[in-house]
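When reading the values below, keep in mind they use all heavy atoms of this one structure, side chains included, and skip hydrogens, waters and symmetry mates.
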Amino acid sequence: MTEETADIYISISRKSPRPGKGMYISVLEAVGSSGKAGTLTLRKKIDNITPHQLELHAIVDSLKRFRRPCTVNIHSDHGWFETIRKQGWFDSWQQAGWIVKGHTAAGADLYQEIYMLETVCNMEIGEIDKELGSYTTWLDSEIKNARAILE
């Protein structure tokens with residue numbers, strides 16, 4: 001069996017830590033077992049959201065698009081998911097039932113969905129970083145336009 005790979009490139013409009021209107025754009029780039037490549041662009045506007053939650057929504061919505069087991073590399077200009085994975089927080093929060101310092105983790109429902117998509121759908125999250133590759137300029141432009149619309 002040839003392992004399928006995919007990349008998700010995410011840019012978010014919200015940078016302020018306070019909740020507000022936000023938008024994400026994600027580009028899914030996948031190469032199937034046949035070697036054929038394809039892309040899909042997702043956009044979503046959400047009211048009353050933090051940047052962390054916006055990035056997590058983008059990841060969940062993107063992962064839901066994959067129908068077969070694959071290794072997914074996530075590239076996000078925000079970097080929250082990269083931080084919690086590299087620090088081991090995601091795994092420790094999962095083991096603690098998404099309880100952090102005696103309280104349910106903010107965004108616990110989104111963390112749970114990511115965990116379920118990884119385990120139930122047999123996905124593996126590979127590399128996580130802030131590099132948007134060849135999509136950098138285009139995503140920056142789209143997010144800049146989205147900020148103007150959201151404000």
Working to the nearest 0.5 angstrom, can you tell me the gap between Thr104 OG1 and Gln112 CD? 9.0 Å
Which heavy atom of Ala105 sits nearest a heavy atom of Val100, and at what distance? CB-CG2, 3.7 Å
Reported NE2-to-CG distance for the pair His57 and Leu42, which is rounded to 0.5 angstrom: 13.5 Å
If you round to the nearest 0.5 Å, how far is NE2 of His75 from CD1 of Ile128? 10.0 Å
Treating Ile, Leu, Val, Met, Phe, Trp and Tyr as nodes and any side-chain heavy-atom pair under 4.5 angstrom as an edge, say whether Leu139 and Tyr24 lie in one connected cluster. no
Should we say atom CZ of Arg43 is surrounded by more than 12 heavy atoms from elsewhere, each under 6.0 Å from it? yes
Joint cluster assignment, Ile143 & Leu56, ILVMFWY side-chain distance < 4.5 Å: no
Measure centre to centre between the rings of Phe90 and Trp98, then say whether the value is under 6.0 Å. yes
At what distance, to the nearest 0.5 angstrom, does CZ of Phe81 lie from CG of Leu110? 11.0 Å
Report the distance from atom SG of Cys70 to atom CE of Met123, rounding to the nearest 0.5 Å. 5.0 Å
Spell out, as yes or no, whether a donor-acceptor pair under 3.5 Å connects the side chain of Ser13 to the backbone of Met23. yes
If you compare all heavy atoms of Glu127 against all heavy atoms of Asn73, which two are closest, and at what distance to 0.1 Å? N-OD1, 2.9 Å
Contact between Arg68 and Glu4 at the side-chain level, heavy atoms closer than 4.5 Å - yes or no? yes
Taking the side chain as C-beta and beyond, is there a heavy-atom pair between Val60 and Lys64 under 4.5 Å? yes
Are Ser76 and Glu55 linked by a side-chain donor-acceptor pair shorter than 3.5 Å? yes
Any heavy-atom pair between the side chains of Ile8 and Ile59 that's under 4.5 Å? no
Please confirm whether the backbone N or O of Thr137 pairs with a side-chain atom of Ser141, one donor and one acceptor, at under 3.5 Å? no
Identify whether the distance between the nearest side-chain nitrogen and carboxylate oxygen of Glu118 and Arg85 falls below 4.0 Å. yes
Could you walk me through whether Val27 and Trp138 pass the side chain to side chain contact (heavy atoms under 4.5 Å, CB included) check? CA-CA 11 Å; Val27 177; Trp138 182 77; 3.7 Å; yes
Ignoring hydrogens, what is the shortest heavy-atom contact between Ala58 and Ile10? Give both atom names and the distance. CB-CG2, 3.7 Å
Can you name the closest pair of heavy atoms from Ile12 and Pro51 and give their distance? CD1-O, 3.6 Å
Candidate pair Phe66 and Leu28, rule side chain to side chain contact (heavy atoms under 4.5 Å, CB included), full reasoning: CA-CA 9 Å; Phe66 297 103; Leu28 287 59; 4.0 Å; yes
Does atom NZ (Lys144) have a neighbourhood of more than 12 heavy atoms from anything else shown, all under 6.0 Å? no
Testing Lys130, His52, Arg14 one by one against His78 for a side-chain hydrogen bond (donor to acceptor under 3.5 Å, both in side chains), which residue passes? His52
Tell me whether Trp89 shares a hydrophobic cluster with Ile114, the cluster being built from Ile, Leu, Val, Met, Phe, Trp, Tyr side chains joined at under 4.5 Å. yes
Under 3.5 Å, is there a donor on one side chain and an acceptor on the other for Ser92 and Gln95? no
Using the side chain to side chain contact (heavy atoms under 4.5 Å, CB included) rule, take Ile25 and Thr41 through it: C-alpha gap first, then chi angles, then the decisive distance, then the call. CA-CA 7 Å; Ile25 300 173; Thr41 302; 4.0 Å; yes
For Pro17 versus Thr50, what's the shortest heavy-atom pair and its separation? O-CG2, 3.7 Å
Between Val72 and Leu40, is there shared hydrophobic-cluster membership here, with clusters defined by ILVMFWY side-chain heavy atoms closer than 4.5 Å? yes
Check the hydrophobic clustering (I, L, V, M, F, W, Y; side-chain heavy atoms under 4.5 Å; chains of links allowed) and say if Leu63 and Leu132 are grouped together. no
Are Tyr9 and Asp77 close enough that a side-chain donor and a side-chain acceptor fall under 3.5 Å? no
Just checking, any donor-acceptor pair under 3.5 angstrom between side chains of Ser62 and Ser26? yes
Taking the side chain as every heavy atom from C-beta outward, state whether Ile125 and Ile74 have any atom pair closer than 4.5 Å. yes
